[in-house]
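Inspection log for the structure reproduced underneath, given as structure tokens.
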Amino acid sequence: MAQRTVLVVLFEDVQSLDVTGPVEVFNGAGAARGDPAGAYRVRTASLDGGPVRTSSGLTLVPDHALADAPVPHTLLVPGGHGTRLLDPQLVAWLREHAPRAERIVSVCTGAVLLAAAGLLDGRRATTHWAYCDTLAAAHPEVEVDPGPIYVRDGKIATSAGVTAGIDLALALVEEDLGRDTALTVARYLVVFLRRPGNQAQFSAQLAAQTAQREPLREVQQWITEHPSADLTVASLAARARLSPRHFARAFHAESGTTPGRYVERVRLEHARRLLEDTPDGVGEISRASGYGTPEAMRRAFVKALGTSPAEYRRRFRPTTD
């Protein structure tokens with residue numbers, strides 16, 4: 001199989017993880033296949049070919065100036081603080097040269113650069129949750145979706161903050177080389193094979209604020225560790241040594257969500273991971289995740305993800321070795 005060239009665009013104040021995360025995935029694909037030449041030929045380029053300093057202070061030395069870089073199969077545009085002050089030369093290069101790539105990918109606020117170059121006009125896209133409103137206001141011609149961790153629209157794929165770039169890169173490796181290769185890379189990097197693109201940018205624990213009071217923090221952690229337990233408000237309130245009414249009010253005030261919604265998110269994540277990572281049956285998973293019955297879990301999946309547990313597993317669980 002011919003190598004696919006991946007060209008990563010570098011600029012001052014780029015986010016280092018936006019670069020290195022996907023690069024490690026693409027480079028790892030060759031080792032996963034036992035191919036010393038590599039399944040991907042990864043190259044980096046800056047406007048003038050000179051070193052760039054990342055937002056964390058690391059210095060990256062590119063392989064090329066953009067003018068001398070090869071036309072890639074996949075063009076990857078990372079994000080970072082450097083996207084706040086758009087370099088007109090970089091935007092112009094993207095406008096002219098990016099369409100020549102077979103696949104255009106952005107990580108985090110790299111979507112801002114793609115939008116400025118007009119590459120996202122009429123397309124659905126995402127970026128880091130903190131910049132979705134800004135992107136939508138600056139580019140009303142772009143359909144900005146703040147929910148998913150990555151979005152595919154034709155030949156262009158955009159992803160949310162930093163680690164979502166790894167999820168998207170794994171999905172691209174699976175598309176190119178198959179599930180087994182993507183799984184091997186994910187295992188080596190000690191990450192999940194991939195989070196599905198329509199997964200929310202926030203996990204249950206991140207979507208809810210961490211409570212300030214210790215009893216409520218302990219309850220949040222206990223919910224995460226015991227999704228199949230009795231997680232009614234009355235039971236959780238007793239664990240926090242509060243009245244149910246006081247507990248519900250305090251939980252919402254400190255976490256930004258109700259106890260019931262928090263429990264729903266935790267159970268959905270737990271069930272999703274079991275479907276991805278284990279061969280357990282749907283009935284067993286529904287009990288382990290606190291749903292009780294497969295039908296209750298099916299309703300929860302359809303409501304939240306628009307698909308059944310069986311279909312979710314078919315799409316997102318890797319084949320066995």
Side-chain angles (χ1 to χ4, degrees), residues 1-10 17-45 62-64 69-79 94 97-108 110-111 114 119-120 123-126 148-199 276-277 311-321:
M1 183 178 295
Q3 277 187 323
R4 293 172 170 85
T5 300
V6 178
L7 179 64
V8 184
V9 176
L10 301 181
L17 278 176
D18 287 4
V19 175
T20 59
V23 165
E24 291 293 342
V25 171
F26 289 122
N27 277 327
R33 294 169 60 86
D35 181 358
Y40 298 91
R41 182 173 180 261
V42 180
R43 292 292 180 266
T44 56
D63 299 303
H64 308 280
V71 176
H73 173 274
T74 299
L75 178 70
L76 191 147
V77 182
L94 288 170
H97 294 276
R100 301 176 186 176
E102 292 188 37
R103 196 160 59 192
I104 304 169
V105 177
S106 71
V107 182
C108 196
L114 297 187
L119 299 169
L120 298 182
R123 295 183 184 270
R124 178 169 165 258
T126 194
I149 60 173
Y150 60 81
V151 168
R152 300 285 299 274
D153 189 332
K155 67 184 287 185
I156 298 180
T158 54
S159 62
V162 288
T163 58
I166 295 176
D167 294 296
L168 177 53
L170 285 167
L172 297 177
V173 168
E174 180 179 346
E175 177 182 296
D176 294 339
L177 306 174
R179 287 187 175 186
D180 290 345
T181 298
L183 175 59
T184 301
V185 175
R187 284 174 173 166
Y188 181 77
L189 296 177
V190 197
V191 295
F192 290 113
L193 171 59
R194 75 201 153 306
R195 294 176 292 173
N198 63 354
Q199 182 178 327
E276 292 177 4
D277 300 336
E311 175 63 15
Y312 182 94
R313 167 170 273 172
R314 189 190 69 78
R315 292 173 60 194
F316 297 120
R317 182 169 184 256
T319 55
T320 56
D321 292 336

Handout entry: Which residues share a side chain to side chain contact (heavy atoms under 4.5 Å, CB included) with Ala45, sequence neighbours left out
Key =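 For Ala45 the side chain to side chain contact (heavy atoms under 4.5 Å, CB included) partners, ignoring immediate neighbours, are Leu7, His64, Leu66, Ala69.
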
Practice task
Using side chain to side chain contact (heavy atoms under 4.5 Å, CB included) as the criterion, list what pairs up with Ala111, not counting sequence neighbours.
Solution key: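 Listed in chain order: Ser106, Leu120, Thr127, Leu135, Thr158.
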
List for me each residue that meets side-chain hydrogen bond (donor to acceptor under 3.5 Å, both in side chains) alongside [X], sequence neighbours excluded, and say none if there are none.
X      : value
Arg124 : Asp145
Thr44  : Asp63
Arg103 : Thr74, Glu175, Asp176
His97  : Arg100

Practice task
Look at the side chain of Arg123 and the backbone N and O of Asp153, then say whether any donor-acceptor pair between them is shorter than 3.5 Å.
Solution key: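 The answer is yes, because a donor-acceptor pair under 3.5 Å joins these two groups.
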
Problem - Evaluation steps, side-chain contact (heavy atoms from CB on, under 4.5 Å), between Leu75 and Leu94 - result: CA-CA 10 Å; Leu75 178 70; Leu94 288 170; 4.0 Å; yes

To check you understand the geometry: which heavy-atom pair defines the closest contact between [X] and [Y], and what is its length?
X      : Y      : value
Pro72  : Thr5   : CB-O, 3.7 Å
Ala98  : Ile104 : O-CD1, 3.5 Å
Ala160 : Pro148 : CB-O, 4.3 Å
Leu177 : Thr181 : O-OG1, 3.6 Å
Tyr40  : Leu172 : OH-O, 4.0 Å
Ile166 : Pro22  : CG1-N, 4.5 Å

Exercise for the section: Report yes if some heavy atom in the side chain of Arg33 is under 4.5 Å from a heavy atom in the side chain of Thr184; otherwise report no. Expected result: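 Sidechains of Thr184 and Arg33: no contact.
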
Practice task
Flag the pair Val105 / Ser159 as yes when at least one side-chain heavy-atom distance between them is below 4.5 Å, and no otherwise.
Solution key: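 No. Closest side-chain heavy atoms not under 4.5 Å.
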
Handout entry: Derivation and outcome, side-chain contact (heavy atoms from CB on, under 4.5 Å), residues Val185 and Glu24
Key = CA-CA 9 Å; Val185 175; Glu24 291 293 342; over 6 Å; no

Handout entry: CG on Leu168 to OG1 on Thr163, rounded to 0.5 Å
Key =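 If I round to the nearest 0.5 Å, the distance is 11.5 Å.
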
